[in-house]
Structure formats: C-alpha cells, structure tokens
There are 2 protein chains.
Amino acid sequence: MAEQAEGFRRSREARRNALTDDYVEMIADLIATDGEARSVDIACRFGVTQATVAKTILRLKREGLVAAERYGALHLTDSGKAKAADARARHQVVVAFLKRIGVSPDIAERDAEGIEHHVSEETLAAFARLSG
Amino acid sequence: MAEQAEGFRRSREARRNALTDDYVEMIADLIATDGEARSVDIACRFGVTQATVAKTILRLKREGLVAAERYGALHLTDSGKAKAADARARHQVVVAFLKRIGVSPDIAERDAEGIEHHVSEETLAAFARLSG
DNA sequence: TTGAAATGTTAGCTATGGCTAAGTCGAAGA
DNA sequence: TCTTCGACTTAGCCATAGCTAACATTTCAA
C-alpha cells in the first residue's frame with residue numbers, strides 16, 4: 001500500500017502549499033490592480049486579522065517568495081512571481097472548465113479556489129483541452 | 001470584498017475538514033474490506049505514524065464520529081457512517097468524472113483525493129450528469 | 001504458559017495558522 | 001510642527017497535525 005500512502009502524502013503536501021499559493025496569487029493581484037500590496041488589504045480580502053497575515057508573510061519571506069522592508073509594501077521575488085503566475089494560470093483553467101460544464105460563475109470561482117491546488121498536470125491539460 | 005473573504009473562509013473550512021473525511025472514509029473502507037479497522041492499518045495506508053493516528057482518532061471521538069474501546073478496533077458512530085458514505089459517494093463521482101474526460105485511472109484516483117473535499121453540490125451534480 | 005513481537009497509548013517536541021492585546025511607526029491634517 | 005489615526009509588528013494564547021521515544025497491552029508461537 002505504499003502507493004496509496006504516496007497519494008495521501010501528495011494530498012497533505014497540496015494542503016500545505018495551498019495557503020502559500022493563495023498568498024502569492026493575492027499579492028500579484030493586488031499589485032496588478034492597486035499598484036501595491038499592503039498587509040491590511042490581504043487581511044481584508046482573506047477575512048483574517050493583520051497579525052495572521054504578518055505571521056504568514058514572515059514564512060513567505062523565509063521561503064524566498066516575498067520581499068519587503070519594515071512597514072513597506074510587499075513585493076514578490078522572481079520565484080514568487082513565477083509561483084503566482086502558475087497559480088493564476090491554473091485558477092483560470094479550472095474556472096473556465098467549470099463554467100464550460102455548466103457551473104454558475106460564482107460557484108465556479110469559489111470551487112476553483114479549492115480545486116486548483118489539487119489538479120495534476122494531466123487533469124489540468126484535460127480541463128484546458130475541453131474548455132476550448 | 002466580504003464575499004471574497006467568504007470564499008476563502010470556505011476554502012479554509014474545507015481544508016480543515018479534509019482530514020476528517022479521509023479518516024472516516026478510510027475506516028469505513030477498512031471495515032468493509034478487512035472486517036475491522038485498526039490504527040496500524042490506517043497509519044500504514046496514510047503513510048503516517050501510529051502516534052499521529054492515535055491523536056487524530058482522539059479528536060474524531062471527541063467529535064462523535066468514531067467509537068472504540070482501549071486497545072480495541074475502531075467503529076464509526078451513525079454520524080461517522082453518514083459522513084463516510086457521503087465522502088465515498090463524492091469520491092466516486094469525482095473519480096468517474098475524471099476518467100470520463102480522459103484522465104488515466106491512477107491519476108484520477110490521486111487527484112480525486114484532493115478535489116473531492118472542495119466541490120460544491122452544484123459542481124458535483126455537473127460531474128455526475130456528465131459522466132453518464 | 002510464558003515471553004517476544006505486534007499493536008496501541010502517552011508525553012513531549014516542532015511548525016503552522018488562527019486569534020487578541022499591546023506596542024511601534026509613518027503620514028496626513030489641525 | 002505636532003498630534004493623531006491607520007497600518008504594521010510583536011508577544012503570547014490555542015488547536016491541529018506531524019514526529020520520536022518510551023511505555024502498556026494483547027496476541028501468538030514456542
């Protein structure tokens with residue numbers, strides 16, 4: 001049953017990475033729309049406190065995805081940008097696919113938020129192929 | 001942006017419940033195939049230590065999903081059984097759908113493991129409808 | 001029947017991700 | 001200029017989910 005354990009290991013891994021992906025995606029989005037990413041906006045959009053955001057940002061800095069000076073706006077490093085772009089692409093493929101099979105736009109958006117972190121390349125390719 | 005925060009809140013909730021669903025599903029599966037569910041088998045199949053399983057089982061007992069005597073096999077309460085049945089049904093719908101759109105069986109199985117916890121009723125219905 | 005192996009439990013460590021409360025900084029208005 | 005208010009940080013709490021190590025119990029075979 002080592003292969004089954006491997007499947008669950010992957011699933012746990014995906015769960016761990018989901019928040020990281022959400023953060024870099026959010027930061028990229030804020031920079032694109034507002035010109036800069038501030039902790040307070042991230043906290044507001046995620047529905048958590050600024051303290052929680054601060055703690056997570058510390059981890060992302062440690063992992064080399066985010067850079068910022070004290071009290072300054074947040075920036076993505078190159079690897080952070082790459083991760084954000086990848087996350088965004090996956091997200092859009094999943095949303096497009098769900099809409100294509102008849103899921104209503106808001107539900108598609110919401111479900112994609114969870115699903116995008118768990119689709120393999122193969123499944124993502126199938127989604128992309130079938131949405132046009 | 002309260003609605004966006006709500007989406008993320010749901011996603012966090014799903015992440016929290018994913019492990020619970022995995023456990024009850026696994027316990028039901030072990031009972032169905034082996035006649036009983038033992039911690040050691042759960043640990044092996046999930047690829048974690050027995051100590052980790054013990055701790056999670058404590059939580060599931062607290063939540064009224066699992067029952068067991070000390071050193072005895074694990075049982076599901078009625079609500080545990082209901083949860084397991086629901087999880088299993090979702091799982092099968094997702095797997096069938098993924099296979100249907102051309103994803104290979106083992107990848108379908110693996111991706112479903114992550115995806116099943118994040119599909120809304122609406123999306124699940126679309127999956128079911130499209131797999132025949 | 002008894003002792004070793006398998007299984008289960010417990011204690012205690014780490015890291016994460018929530019929270020509140022309190023303190024620090026910076027920018028904008030009186 | 002100075003003060004105040006919004007934004008950021010830090011400390012410290014809780015629960016979860018992993019781990020190892022040590023201990024308890026059960027089971028099975030010699």
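Because the structure is a prediction, the values reported are computed rather than measured. Computation of the quantities below employed the complete heavy-atom set of this structure, encompassing side-chain atoms and omitting hydrogens, waters and symmetry-equivalent molecules.
- Here A/Arg88 pairs with nothing under the salt bridge (charged side-chain N to carboxylate O under 4.0 Å, His left out) rule; sequence neighbours left out.
- In terms of phosphate contacts, B/Gln50 brings a side-chain nitrogen or oxygen within less than 4.0 Å of OP1 or OP2 of C/dG8.
- B/Phe8 has its CZ atom 16 Å from the C1' atom of C/dG18, to the nearest Å.
- Of the residues in residues 51-71 of chain B, those placing a heavy atom less than 4.0 Å from an atom of DNA chain C are B/Ala51, B/Ala54, B/Lys55, B/Arg70, B/Tyr71, in numerical order.
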Salt bridge (charged side-chain N to carboxylate O under 4.0 Å, His left out) between B/Asp22 and A/Arg12, worked out: CA-CA 11 Å; B/Asp22 286 346; A/Arg12 283 198 301 273; over 6 Å; no
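- With B/Asp111 contributing its side chain and A/Ser120 its backbone, the two residues share a donor-acceptor pair below 3.5 Å.
- Qualifying side-chain hydrogen bond (donor to acceptor under 3.5 Å, both in side chains) partners for B/Arg16, counting only residues two or more places apart in sequence or in other chains: B/Glu13.
- Counting heavy atoms from C-beta on, the side chains of A/Arg90 and A/Val119 come closer than 4.5 Å.
- Taking a heavy-atom distance under 4.0 Å as the criterion, the stretch of DNA chain D touched by chain A extends 5' to 3' from D/dA7 to D/dG18.
- Sorted by first and then second residue, the side chain to side chain donor-acceptor pair (under 3.5 Å) pairs with a member in residues 56-68 of chain A read A/Thr20-A/Arg59, A/Arg59-A/Glu63; sequence neighbours excluded.
- Of the residues near DNA chain D, A/Arg12 and A/Gly72, the one whose nearest nucleotide (by heavy atom distance) lies more toward the 5' end is A/Gly72.
- To the nearest 0.5 Å, atom CZ of residue B/Phe8 and atom CD1 of residue A/Ile42 are 10.5 Å apart.
- Between B/Glu122 and A/Arg110, every side-chain heavy-atom pair lies at or beyond the 4.5 Å cut-off.
- Here B/Arg9 pairs with B/Glu6 in a salt bridge; the nearest charged N to carboxylate O distance falls below 4.0 Å.
- Residues from residues 13-41 of chain B that place a heavy atom under 4.0 Å from any atom of DNA chain C, listed by number: B/Arg38, B/Ser39, B/Val40.
- Side-chain contact between B/Lys83 and B/Glu25 is absent, with no heavy atoms from C-beta onward closer than 4.5 Å.
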